[in-house]
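Worksheet: one structure, shown below.
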Amino acid sequence: MIDIRLVRTDFDSVLSALRRRGVDPGEVRRLAALDAAASDLVRRRDEARAAVKALSREVAAAQRSGEGELSEQLRVQSREKGVEAGLLEKEAEAAAEARREALLRLPNLPSSEAPDGAGPDDNPVVRTWRPENCSYAPWQRVPHWDVGRDLGILDLESGAKLSGSMFPLYRGAGARLLRALTNFALDDHLRGGFEEIRPPTMVKTATMVSTGHLPKFSEEAYHVERDDLWAIPTAEVPLTSLGREEVLDEGQLPMRLTAATSCFRREAGAAGRDTRGLLRVHEFDKVEVLAYATPSQAGDVHAELLARAEGLLAALGLEYRVVDLCTGDLGSSSARTFDLEAYAPGTDRWLEVSSVSWFSDYQARRANIRYRPSRGGPPAFVHTLNGSALAWPRIWAALVEVNRNADGSVKVPDCLRGYMGGQEAIPAP
RNA sequence: GGAGGGGUGGCAGAGCGGCCGAAUGCGAAGCUCUUGAAAAGCUUUGGGUGAGAGCCCCGGGGGUUCGAAUCCCUCCCCCUCCGCCA
């Protein structure tokens, strides 16, 4: 959530920043009004409570000095004040709740550097990278579901038999390729100074709420009712919640974390889209990078996370482009996001394989993640950043399409061979 | 799953229903002393909100009371033992 004090002290800039992302100015004005009402009630409630406390002390004093009658009078007065305070308390709570709801509805202020735009079509491509001698021959124009089936490394039918459509099953070298990708990426991030985490994949409701995945997106997540646990849609959920209610030392920042987990998405809103192959699946593996940083570090860390994801794509030899999400397409928690899209020649599409976001203090405020400045002073909210590096099904798809040889076999990228027992290619049957 | 024990400030650890937002110790910061350091002594040292006075926070929520860290209910979490188990 954004800082309510900004709404009080700098209303106009909040208004214009949110207007860039298409927020109705009326929403912001309504929030300001709710805030004023809530503050007023809090003040009146506190005055009533202060009176109760003062009277209570007088009751005690009167009792000590044996003035029974006076004590009884004061007791009655205090009780009346207490009733008044109780009523004001209820009102103040309701007002605070209304304010909180309005506040939670507002998205983050976009970074001043985020490009303006109304939707996905307005996202500028900031750069494109391609390997040397990059070209696509006819035998690379085969979609991965055909390549995978022909080589016996992707068995979508069996996945569907076990769990339903959009639950892929990889086998043989296909499964090993996934494992290689995960080890390759984790090792790379370890060398970059990241701490490897293996978090739980099922989390409590409170954990989903603190990252903003609930209640808004409950339709998108798998829920185990008996135990009231949620299957994580991304490792961002447990990793961001790691810092929940914590006060970190500034010396620990930036704190860099990486985790490989399965991710689960119901894709309820995307029924019928991308139903073929690996473009959209209910369960997939992903390596995530995440950082907590001070506000002054955040810009560099954002660039660092982006560079890591790009580095992996380049090492894998995939042509990719970097897209700067415009204000109309930015996720609601994010101040700035770069998407990475890899080119898959067989399906002839740019596949979103990573999303690298800077959330400023929006998530940290909601999850209460702070740091203690080493120069002293009160704890301040950290900035959170995260990125996928990378999401494997689409990478897997792009890889088998790009690396398909004329004879139907698929070349294993150099960087993965060590993780594949030296295997240079997945042979055609 | 069964039986017990426990959740208090950065940590450890006290706390008859009424100067308790909280003793004490450790840790940390500042100062004095010292060539410097150690030691010693003195001082300071939780968070939220608010312009401030104030108000709130002793695992979460609710209740009793003029007044709750302290009493009651409830939920959560942790620990020990037993059982089961990859």
Side-chain angles (χ1 to χ4, degrees), chain A residues 1-11 31-32 34-100 102-103 198-210 214 224-230 238 241-253 255 262 292 361 364-382:
Chain A
M1 67 185 98
I2 63 172
D3 187 352
I4 186 66
R5 281 172 295 196
L6 267 183
V7 176
R8 289 177 201 147
T9 60
D10 210 357
F11 183 80
L31 172 62
L34 288 170
D35 176 47
S39 298
D40 182 57
L41 279 165
V42 164
R43 207 199 71 246
R44 287 164 57 199
R45 180 204 59 190
D46 286 355
E47 281 167 7
R49 279 217 274 236
V52 171
K53 290 176 76 163
L55 285 165
S56 293
R57 276 190 289 269
E58 290 179 44
V59 170
Q63 268 177 1
R64 269 197 300 274
S65 54
E67 299 170 85
E69 196 175 325
L70 176 63
S71 152
E72 193 50 45
Q73 280 174 15
L74 290 166
R75 191 178 292 215
V76 170
Q77 282 180 37
S78 179
R79 183 184 295 141
E80 284 168 4
K81 238 351 183 189
V83 170
E84 184 189 332
L87 291 174
L88 284 167
E89 165 73 13
K90 285 213 165 52
E91 286 184 61
E93 266 177 22
E97 184 54 33
R99 171 175 62 187
R100 183 179 160 77
L103 195 55
R198 176 52 249 232
T201 26
M202 308 259 283
V203 298
K204 296 191 272 196
T205 298
T207 304
M208 290 284 279
V209 169
S210 80
L214 284 179
V224 181
E225 275 187 37
R226 183 196 292 257
D227 300 291
D228 194 20
L229 288 169
W230 300 80
S241 288
L242 248 191
R244 178 153 52 104
E245 312 291 334
E246 300 284 341
V247 181
L248 307 165
D249 288 323
E250 183 173 345
Q252 296 175 267
L253 302 177
M255 185 182 278
S262 296
Y292 302 129
D361 60 3
R365 181 168 281 110
R366 182 172 185 144
N368 197 23
I369 310 169
R370 296 174 295 170
Y371 71 99
R372 196 176 298 285
S374 41
R375 288 165 180 269
F381 291 109
V382 301

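These figures come from a predicted structure and were not determined experimentally. Each chain gets a letter, A, B and so on, in the order the sequences are listed, and its residues count up from 1.
Taking a pair to require two hydrogen-bonding distances under 3.5 Å in either a Watson-Crick or a G-U wobble arrangement, B:G27 pairs with B:U45. In this structure, B:A40 forms a base pair with B:U32, meeting either the Watson-Crick or the G-U wobble geometry with both donor-acceptor distances under 3.5 Å. In a base pair of the Watson-Crick type (N1 to N3 plus N6-O4 or O6-N4) or a G-U wobble (N1-O2 and O6-N3), with each distance short of 3.5 Å, B:A86 is matched with no nucleotide. Checking B:U70 for Watson-Crick or G-U wobble geometry (two distances, each under 3.5 Å) identifies no partner in any strand. Partner assigned to B:G50 is none, using Watson-Crick or G-U wobble distances below 3.5 angstrom.
Within the structure, a side-chain polar atom (N or O) of A:Arg372 is placed less than 4.0 Å from OP1 or OP2 of B:G47.
Between A:Val52 and A:Pro379, the one whose closest nucleotide on RNA chain B sits nearer the 5' end is A:Pro379. Of the two residues near RNA chain B, A:Val76 and A:Gln63, the one whose nearest nucleotide lies more 5' is A:Gln63.
Comparing B:C55 with B:A22, their P atoms sit 13 Å apart, to the nearest whole Å. Between B:A53 and B:G4, the distance separating the two P atoms is 50 Å to the nearest Å. Comparing the P positions of B:A40 and B:C56 gives a spacing of 41 Å, expressed to the nearest Å. Between B:G5 and B:G21, the distance separating the two C1' atoms is 28 Å to the nearest Å. Taking atom P in both B:U32 and B:A38, one finds a spacing of 14 Å when rounded to whole Å. As rounded to the nearest Å, B:G6 and B:C42 have C1' atoms that lie 38 Å from one another. A gap of 15 Å separates the P atoms of B:A39 and B:G30, to the nearest Å. Comparing B:G48 with B:U34, their C1' atoms sit 43 Å apart, to the nearest whole Å.
Nearest heavy-atom pair, A:Gly243 versus A:Ile369, reported as atom, atom and distance to 0.1 Å: O-CG1, 3.4 Å.
Residue A:Glu58 is out of contact with every strand shown, counting any heavy-atom pair closer than 4.0 Å.
Separating the OH atom of A:Tyr371 from the C1' atom of B:G47 is a distance of 17 Å, rounded to the nearest angstrom. Rounded to whole angstrom, the span from the CD atom of A:Glu245 across to the P atom of B:G10 amounts to 13 Å. Rounded to an integer number of Å, the gap from CG of A:Leu41 to P of B:U49 is 19 Å. B:U49 atom P lies 13 Å from atom CG of A:Leu103, rounded to whole Å. Remark: C1' of B:C19 and CG of A:Leu55 are 16 Å apart, rounded to the nearest angstrom. Put simply, CZ on A:Arg79 is 8 Å from P on B:U65, counting in whole angstrom units. Between the P atom of B:U49 and the CG atom of A:Asp40 lies a distance of 19 Å, rounded to the nearest Å. To the nearest angstrom, P of B:G9 lies 13 Å from CD of A:Glu246.
We find the CZ-CD distance between A:Arg372 and A:Glu250 to be 11.5 Å, quoted to the nearest 0.5 Å.
The closest side-chain heavy-atom distance from A:Tyr292 to A:Leu242 is below 4.5 Å. Annotation: side chain of A:Phe381 is in contact with side chain of A:Asn368 (closest heavy-atom distance under 4.5 Å).
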* Along nucleotides 51-61 of chain B, 5' to 3', which nucleotides get a B, which get an S, and which get a -, given that the test is a protein heavy-atom distance under 4.0 Å? -> ---BSS-----
Anything under 3.5 Å between a donor and an acceptor, one on a side chain of residues 35-59 of chain A, the other on a protein residue two or more places apart or in another chain? List them.
from	atom 1	to	atom 2	distance (Å)
A:Asp35	OD1	A:Arg8	NH2	3.0
A:Asp35	OD1	A:Arg99	NH1	2.7
A:Asp35	OD2	A:Arg8	NE	2.7
A:Ser39	OG	A:Asp35	O	3.0
A:Asp40	OD1	A:Arg43	NH1	2.8
A:Arg45	NH1	A:Glu89	OE1	3.1
A:Arg49	NH1	A:Glu89	OE1	3.3
A:Ser56	OG	A:Val52	O	3.0

Less than 3.5 Å apart, which donor and acceptor atoms pair up between the side chains of residues 77-87 of chain A and the rest of the protein, not counting sequence neighbours?
from	atom 1	to	atom 2	distance (Å)
A:Lys81	NZ	A:Glu84	OE1	3.2

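Side-chain atoms of A:Asp249 never come within 3.5 Å of backbone atoms of A:Gly251 as a donor-acceptor pair (strictly under, hydrogens ignored). In this structure, the side chain of A:Tyr371 does not engage the main chain of A:Leu253 through any donor-acceptor pair within 3.5 Å.
Shown here is A:Glu69, whose CD atom has no more than 12 heavy atoms of other residues, nucleotides or ligands within 6.0 Å.
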